[in-house]
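Step one of this worksheet: look at the structure below.
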Number of protein chains: 2
Amino acid sequence: MRGRVTMRDVARQAGVSPMTVSRALKQDGSVNAATRAAVRDAAEQLGYVYDSTAQAFRAQRSGFLAVTLPSINNANFAATHRALTRSLANTELQLLLGVTNYRLDEEERLVRQLLARRPEAIVLTGGHHTEATRKLLQSMDGPVFEIWDQPHDPVDHVVGFSNADAMTMIVEHLAETGRKKFGYLGAIGDSDRRGAERRRGVLDAVKVLGLPDVTVLEACEAPISMTAGAQAVERFARDIRELDALICVSDPVAFGAISVLTRLGVSVPGDIAVTGFGAFEVAGLSNPTITTVDVGADRIGTELGRLVQSVLEADRDSTPINLQLTPTLIRGGSS
Amino acid sequence: MRGRVTMRDVARQAGVSPMTVSRALKQDGSVNAATRAAVRDAAEQLGYVYDSTAQAFRAQRSGFLAVTLPSINNANFAATHRALTRSLANTELQLLLGVTNYRLDEEERLVRQLLARRPEAIVLTGGHHTEATRKLLQSMDGPVFEIWDQPHDPVDHVVGFSNADAMTMIVEHLAETGRKKFGYLGAIGDSDRRGAERRRGVLDAVKVLGLPDVTVLEACEAPISMTAGAQAVERFARDIRELDALICVSDPVAFGAISVLTRLGVSVPGDIAVTGFGAFEVAGLSNPTITTVDVGADRIGTELGRLVQSVLEADRDSTPINLQLTPTLIRGGSS
DNA sequence: TTGAAAGCGTTACCAC
DNA sequence: GTGGTAACGCTTTCAA
């Protein structure tokens, strides 16, 4: 592999100075058309590739927007990512993605790594972080965005919604349709913080309604998948037969649950109502369709993209924005 | 927010030279323990964050591994990404991800953008590219890896499998179980190149077996989802009733198809066999379970990680490796 | 064990 | 319309 071609090489080839090359390769109007053509030709000929690293270094602007997601294999987070990319399409910002696997210690490691790339801004999924992460974020040289959550104590800007309130809608809907004995199926402990918030929302709402205590079923460590949902239902079949309604942390889990319940001869929604979360595609195609909550994952991405742009354009520190979206209940055949 | 803290600032604070800071912050043994402690303290105090951009610039090594994926919301590509990340955990390489949305023109734009970051190597999902992309890749200053495919004319290294051959397994399995009149449900045209390869595999295998021509049903532009699969079956219901077997481009599509067929009173596999592709979770939990092909998405990631490392360690150009994996058929209740 | 200098590729700024 | 100079933060190399 031959040494890289630099603007110097192009300049030599075109018989101009490096400075002119730099100008010619941009849309800088102050360059003679003939000169520009010569430079472009030379660059083409030599296979010149622009060096963003040098540019980032020189300008002290990386052009990166760092983003952490708990998982990439999740239609909701993928939708946010996609909408964000689209919302930033007309900018120079490039996404620098890190996946935390739902672990705060991995998030810390990632944030450290991402910040070393000097991103213009950083986006974190979730409002819970380790102490060290918070400290890193606070000393960060640019805005911080927390999404998909309603942080108690936001670091900076927020685009999210209340996972707990979303669950209240589910509980109220189930109560209205006469369900009384609730179970909640999610991941173990608090590893999935948004899942933990949902669980809290269920417990609180049930208490407010004066209904019996919720049976909390812990499937496995986050992320909890279709298969994990199915296995958990097999494992907890006895507990579940006592219930009126099984509230699942997500649609895939609900789908896995319904799949096993049906196989076990338990009728959904006849014997038990089952609900999901997230308005995944499978919710609308499962049989029965699954009652769920649409949190507007793509809207989070779109709004986030807008907000990032406006905050970065306002070069001075802007006061923190907290944009809270309202999820909507989608009634399906499963309840 | 205040100007960035550099090694110079840390050096001043600790009363040493920048050079000593640089050494102290690494595991360089040649620094006095006391000096190192002082430097670390100073760095901590000032909230110093290492600047990877400057390091990358100075060393002319970005530490990036550029990766393009057609989609992020796809369990298979996500599995490859995850396995790759894991396989590279003990290295300094950082993934720089770009999503093409199954479009070659977007791939070209992305490759241009990614190469400007001077990655150590680049990984492309798929073996089809625009002419311009190929040219960019050939002049790239580092190894190129194509995955998830069996390119006709590989740019460099490959870790993949034959999408067409995988389909042959499906067709033979269906033929063995007495199916004769096949349909294929996939995306329109060749936008999804791996999908197009699968279609080709079906057509060829059916021809080899001397069976009637395949009815090709085009649902929509790639990516084709569960919902798109369902809608296509509604639209093509009449054609589908004439068939013995419906071969779908992926498991989600097959799931959507089965969902609608069941609703229409068409029995699967009684009236028609349905098959998928990719061994998605839904295949094992759908009712009936879906006959599919496991392509070893995570294995691609793991092997790729190993290969990337070994190629980068061998500093001279290594001869192109072509690692072809063998998919396995998974018989489900849908056939 | 520590320090000084030089330079990676690009571009803002100032000359011409 | 074009060119020279300097600087961004870090580390290799050489010197003390």
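For the numbers below, each heavy atom of this structure counts, side chains included, while hydrogens, waters and symmetry mates do not. Below, read A as the first sequence line, B as the second, and so on, with proteins coming before strands; counting in each chain starts at 1.
For B:Glu44, the CD atom counts as loosely surrounded, since its 6.0 Å shell holds 12 or fewer non-hydrogen atoms of other residues, nucleotides or ligands. Surrounding CZ of A:Arg40 are more than 12 heavy atoms belonging to other residues, nucleotides or ligands, all under 6.0 Å away.
An OP1 or OP2 oxygen of D:dC10 is reached within less than 4.0 angstrom by a side-chain nitrogen or oxygen of B:Tyr48.
B:Glu131 and B:Arg134 are not joined by a salt bridge, as no carboxylate oxygen comes within less than 4.0 angstrom of a charged side-chain nitrogen. With respect to A:Glu197 and A:Arg193, no salt bridge is recorded, no charged nitrogen being found less than 4.0 Å from a carboxylate O.
Between B:Leu110 and B:Thr100 there is a side-chain heavy-atom pair separated by less than 4.5 Å.
Candidate nucleotides D:dC8, D:dC10, C:dT2 were compared by shortest atom distance to the side chain of B:Thr20, and C:dT2 ranks first. Comparing D:dG1, D:dG9, C:dT10 against the side chain of A:Asn32 picks out D:dG1 as the nearest.
Among pairs with a residue in residues 130-151 of chain B, those fulfilling ring-ring contact (aromatic ring centres under 6.0 Å, His included) read B:Phe77-B:Trp148, B:Phe145-B:His157, B:Trp148-B:Phe161, at least two apart in sequence or across chains. For residues 78-134 of chain B, there are no ring-ring contact (aromatic ring centres under 6.0 Å, His included) pairs, not counting sequence neighbours.
Counting any heavy atom pair closer than 4.0 Å across all strands shown, B:Thr35 reaches sugar-phosphate atoms only and no base atom. Contacts of A:Thr6 with the nucleic acid, taken as non-hydrogen atoms under 4.0 Å apart, involve only primed sugar atoms and P, OP1 or OP2.
For A:Met140 against A:Ala121, the heavy-atom pair with the smallest separation is CE-CA, 3.7 Å.
Rounded to whole Å, atom P of C:dT10 lies 14 Å from atom CZ of B:Arg117. Atom CG of A:Asp9 is separated from atom C1' of C:dT10 by 13 Å (rounded to the nearest Å). Atom P of nucleotide C:dT2 and atom CG of B:Leu25 are separated by 14 Å, given to the nearest angstrom. Separating the CZ atom of A:Phe57 from the C1' atom of D:dA7 is a distance of 8 Å, rounded to the nearest angstrom. With rounding to whole Å, B:Arg4 atom CZ is found 10 Å from D:dC10 atom P. A:Arg118 places its CZ atom 7 Å from the P atom of D:dC10, with the value rounded to the nearest Å. Taking atom CG of A:Asp51 as the reference point, atom P of C:dG7 lies 18 Å away to the nearest angstrom. Separating the CZ atom of B:Arg61 from the P atom of C:dG9 is a distance of 15 Å, rounded to the nearest angstrom.
Only at 4.0 angstrom or more do the heavy atoms of residues 10-17 of chain A sit from any atom of DNA chain C, so none qualifies.
The OG atom of B:Ser191 sits 11.5 Å away from the CG atom of B:Asn101 when rounded to the nearest 0.5 Å.
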Taking only nitrogen or oxygen atoms into account, show me every contact under 3.5 Å that the protein makes with nucleotides 11-14 of chain C, one pair per line with its distance.
{"residue": "C:dT11", "atom": "OP1", "partner": "A:Lys26", "partner atom": "NZ", "Å": "2.5"}
{"residue": "C:dT11", "atom": "OP1", "partner": "A:Tyr50", "partner atom": "OH", "Å": "2.5"}
{"residue": "C:dT11", "atom": "OP2", "partner": "A:Ser22", "partner atom": "OG", "Å": "2.6"}
{"residue": "C:dT11", "atom": "O2", "partner": "A:Arg58", "partner atom": "NH1", "Å": "2.8"}
{"residue": "C:dA12", "atom": "O4'", "partner": "A:Arg58", "partner atom": "NH2", "Å": "2.9"}

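B:Arg118 and B:Gln60 are not linked by any side-chain donor-acceptor pair at a separation below 3.5 angstrom, with hydrogens and angles left out of the test.
The rotation axes computed at either terminus of the helix from C:dT1-D:dA16 to C:dC16-D:dG1 lie 40° apart, taking five pairs at each end and rounding to 10 degrees.
With hydrogens and angles ignored, the 3.5 Å screen pairs no side-chain donor or acceptor of A:Thr35 with any backbone N or O of A:Val31.
In this view, A:Arg82 satisfies the salt bridge (Lys or Arg N to Asp or Glu O under 4.0 Å) rule with no residue, not counting sequence neighbours.
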